[in-house]
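Keep in mind that the numbers below use all heavy atoms, side chains included, and drop hydrogens, waters and symmetry copies.
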Amino acid sequence: QVQLAESGGVMVQAGASLRLSCATSGRTLSNYFVGWFRHTPGKDREFVAGIRRNSDNSTYADNVKGRFTISRDSAKNTVLLQMNSLRPEDTAVYYCGAEQSILQFTNPNAYSYWGQGTQVTVSS
């Protein structure tokens, strides 16, 4: 069982930066694919960024490419999502998901483990 916990979500103004953290205990997160997704009411959970296991190889959604960066902090057993140049449309609950073996990286249904989410609100 992998227990994930997201943190770092707050309310900011457009153009600001935030760093979200996805942490776990008891398992080595670098052994898992980790994806960041976000959800707003009335919409499906949307892929934001993902990082492959035992690697720094990452993938981004087109609407965050160049603004967001996913990375691992192996010493802290966490995966970070650095978000720059935030826009009001980035407002959502952000979740991290983890899975050891995955085929469709951007599909939330491919992930077995999820955190409880952290709210990011970007005001205009």
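- Every residue meeting the side chain to side chain contact (heavy atoms under 4.5 Å, CB included) condition with Asp62, not counting sequence neighbours, appears here in chain and number order: Lys65.
- Crowding of Gln119 atom CD: a count of heavy atoms from other residues, nucleotides or ligands under 6.0 Å exceeding 12.
- Follow the hydrophobic side-chain contacts under 4.5 Å out from Phe33 and you never reach Val64; the two are in separate clusters.
- Both tests hold for Arg45 against Tyr95: distance to the six-membered ring centre under 6.0 Å, angle to the ring axis within 45°.
- Around the CD atom of Glu89, the shell of radius 6.0 Å holds more than 12 heavy atoms that belong to other residues, nucleotides or ligands.
- Under a hydrophobic clustering in which Ile, Leu, Val, Met, Phe, Trp and Tyr are joined whenever their side-chain heavy atoms come within less than 4.5 Å, directly or via other members, Met11 and Val122 fall into different clusters.
- Leu86 and Ile70 fall within the same hydrophobic cluster, defined by Ile, Leu, Val, Met, Phe, Trp and Tyr side-chain heavy atoms under 4.5 Å apart, directly or through other members.
- With values rounded to the nearest 0.5 angstrom, Leu81 atom CG is found 10.5 Å from Ser58 atom OG.
- Separating the CG atom in Asp90 from the CG atom in Leu18 is a distance of 10.0 Å, to the nearest 0.5 Å.
- For the pair Gln104 and Ile102, the minimum side-chain heavy-atom distance is 4.5 Å or more.
- Residues Tyr113 and Ile51 fall within the same hydrophobic cluster, defined by Ile, Leu, Val, Met, Phe, Trp and Tyr side chains chained together at heavy-atom separations under 4.5 Å.
- Contact annotation: the side chain of Arg53 approaches that of Gln100 to within less than 4.5 Å [non-hydrogen atoms, C-beta and beyond].
- In the hydrophobic cluster analysis, where Ile, Leu, Val, Met, Phe, Trp and Tyr join through side-chain heavy atoms closer than 4.5 angstrom, Leu80 is grouped apart from Tyr94.
- Note: Phe37 and Tyr111 have perpendicular aromatic rings, judged against thresholds of 30 and 60 degrees for the angle between ring planes.
- Considering only residues two or more places apart in sequence or on other chains, Ser55 meets the side chain to side chain contact (heavy atoms under 4.5 Å, CB included) condition with Arg52, Asn57.
- When atom types are taken as modelled, the side chain of Arg38 and the backbone of Val93 share no donor-acceptor pair closer than 3.5 angstrom.
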